[in-house]
Amino acid sequence: MPDGSEVLALFDDEAVAAAQPRSEGRARRPAQQLAEPGLSPESAISVATLTLATRDIIEGAVEPLWVRGEVVGLKEHRKGHWYFTLKDENAQIRCVMWATDARRMLAAPDEGMTITALGKLTVYAGRGELQLRILRIEASGDGLWRKAFEKVHKKLEAEGLFAIERKRPLPMLPACIAVVTSTDGAALHDIVSVVRRRCPITRIVVAHAAVQGDGAAGSLVAALHRVARWGQADIVILGRGGGSREDLWAFNDERVVRAAAGMPVPVIAAIGHEVDVTLCDLAADVRAATPSAAAEAAAPQLSELLRHVKRLGNDLRDAALAQVESARERLAVAGVSVARAASHPLERRRLLIEGMAGRLHALSPLATLGRGYSVLMRDDGTPVTTIDAVAPGDQVIARLQDGMIHARVERKESLDEEISQ
Amino acid sequence: MSFEKKVQRLEEIVRALESRDLSLEKGLKLFEEGITCLRDASAELSKAEAAVQVLRERTDGILEATDLRA
């Protein structure tokens, strides 16, 4: 068994030979010139002639074939080529997968993994070996997919990208929802119709991206960056409709997952169907089963918000009324002395109370509040909330809804004295 | 202030007004603030129907949102 570098050197030689198809002629030309090459000691052929002629015969005779076997001794060359042996119980064959082909694979197969590979049979002249040049690998079962998924998953999980602590809550009312998906897809249509129905005041801005095929990952990253740079969205929905595992694969691409995790606003992922879980789903703040569900999570029901705000308005009014009611009682007690200072005590007292209500009235349509209240202030404007705040002879101001009354404190009585009298 | 913050503030104000007797000055101040929040929140909910737009990057690198069907 040669070491890696020797093997690589030999393979590289062969790569050069393969790139010069004219060299194949070397194998044939002597055969044409000698009547019976190799049939007598005089017409003996070289080893190179033999192996290259064998290679030509084999390559010309056998179309690429699908072969199933177990992977043994896989070595990755630094340039990206893969070298390994495919074997089963009683046989084995050396395999090479050139970097140009290997690059298209999700991941290198594991030692011992059973794969199904499309290979072109050839001869590796340098060692006089049969060799399979692998063009494609289909993982038997989903081994390769899972391996590629787990590789990225493990890496990003270690960085904390999927951590619960990173999940952000969704805003109650997004003014703008950005949707990163294909403008041609069904997902966009579903999202738009749900948002329209639930919350028509919310703006929808679509950042188009290819969601499958070559270049989908780069396109998704660009669209996410566009939304982040634009900076006006309150929520991002990242998604597409259902599809095969291959179709959804871009959402497991490390660059896309990182871009989704790095968004400045919460991201809802809705990729494929419920059973499909991509790494983008894990990195998002919220995972929705479908694009429609994502839209429901993002867009509030406008009628519910309106009801809520209306209820709060009622509560505010009721609470303010209750405060005024309680203040009325306190004022009625504390205001006794002030009222007595006025020329028409009962009238004064009524105005005092109405003044307070007058201010409330000015602020709201709650006209019923404008009955019977006033605010008593010292002449520097600080409110008088206890009889201890004034002394007989002090100037006070009663603020009413239509103006002020200036008065002087004649006498004070505490509630306790009044009761004891 | 976001819609959410306004609603949260309004809820706080209602709770404060409901839970205890406040000085008149304080009560009035809160009530005034509550009315402002209420008015702003209601205004936000009665905005016009929004458009569906596409976010594009122009050749000069500026991002613009244009109506989808335009």
Side-chain angles (χ1 to χ4, degrees), chain A residues 171-176 178-180 183 188 192 195-196 199-208 222-223 226-227 229-234 302 305-306 308-310 312-313 315-320 322-324 326-327 330-331 356 359-360 363-364 366 369 373 375-377 382-385, chain B:
Chain A
M172 187 187 264
L173 174 62
C176 177
V179 183
V180 175
T183 47
L188 178 61
V192 167
V195 173
R196 276 267 163 281
C199 193
I201 63 172
T202 291
R203 183 179 176 196
I204 302 170
V205 172
V206 191
H208 170 76
R226 221 153 52 231
V227 171
R229 189 154 70 81
W230 185 56
Q232 292 183 43
D234 302 304
L302 185 61
L305 287 185
L306 280 165
H308 184 57
V309 167
K310 195 174 171 218
L312 279 172
D315 291 350
L316 179 67
R317 185 195 57 201
D318 293 348
Q323 282 286 332
V324 166
S326 130
R330 281 179 284 150
L331 273 174
M356 155 80 182
R359 281 185 71 186
L360 291 179
L363 296 167
S364 76
L366 313 173
L369 278 181
Y373 293 92
V375 181
L376 187 66
M377 297 173 293
T382 54
V384 178
T385 58
Chain B
M1 211 195 302
S2 71
F3 173 83
E4 195 161 352
K5 288 257 164 57
K6 280 174 208 139
V7 169
Q8 278 168 4
R9 181 63 189 144
L10 189 51
E11 285 166 344
E12 271 171 31
I13 288 169
V14 169
R15 267 200 304 279
L17 285 173
E18 280 173 343
S19 62
R20 60 188 186 277
D21 282 348
L22 300 163
S23 70
L24 266 179
E25 194 71 3
K26 178 91 177 145
L28 260 180
K29 255 212 183 96
L30 280 180
F31 182 72
E32 280 177 40
E33 194 191 339
I35 290 290
T36 307
C37 289
L38 187 65
R39 205 170 40 215
D40 291 356
S42 302
E44 214 154 306
L45 293 182
S46 47
K47 281 195 303 204
E49 191 163 309
V52 179
Q53 296 176 309
V54 179
L55 184 63
R56 291 194 177 90
E57 182 164 6
R58 300 194 322 210
T59 45
D60 58 4
I62 290 175
L63 293 168
E64 65 178 4
T66 50
D67 286 0
L68 181 57
R69 312 288 170 218

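Quick note on labels: first sequence line is chain A, next is B, and so on, each numbered from 1.
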> For B:Q53, what residues pass the side chain to side chain donor-acceptor pair (under 3.5 Å) criterion, not counting sequence neighbours?
Replying inline: A:R203, B:D67
>> Measuring only between side-chain heavy atoms, which start at C-beta, is B:R9 closer than 4.5 Å to B:K5?
In response: no
> Who passes side chain to side chain contact (heavy atoms under 4.5 Å, CB included) against B:L63, sequence neighbours left out?
Replying inline: A:R226, A:R229, A:W230, B:L55, B:E57
> Can you say whether A:L306 sits under 4.5 Å from chain B via the side chain, the backbone, both, or neither, judging by heavy atoms?
Replying inline: both
> So, do A:L188 and A:H208 sit near enough that their side-chain heavy atoms are less than 4.5 Å apart?
Replying inline: no
> Taking B:L38, B:V54, B:I62, B:L45 one by one, which has the highest count of heavy-atom pairs under 4.5 Å against chain A?
Replying inline: B:L45
>> Counting heavy-atom pairs under 4.5 Å with chain B, which one of A:P171, A:A175, A:A207 comes out on top?
In response: A:P171
> Can you say whether B:I13 sits under 4.5 Å from chain A via the side chain, the backbone, both, or neither, judging by heavy atoms?
Replying inline: side chain
> Counting N and O atoms only, with roles assigned by atom type, does the side chain of B:E4 sit under 3.5 Å from a partner on the main chain of A:M172, one being a donor and the other an acceptor?
Replying inline: yes
> What option among B:S19, B:A50, B:A16 has the most heavy-atom pairs under 4.5 Å with chain A?
Replying inline: B:A50
>> Does any backbone or side-chain atom of A:V195 lie under 4.5 Å from a heavy atom of chain B? Answer side chain, backbone, both or neither.
In response: neither
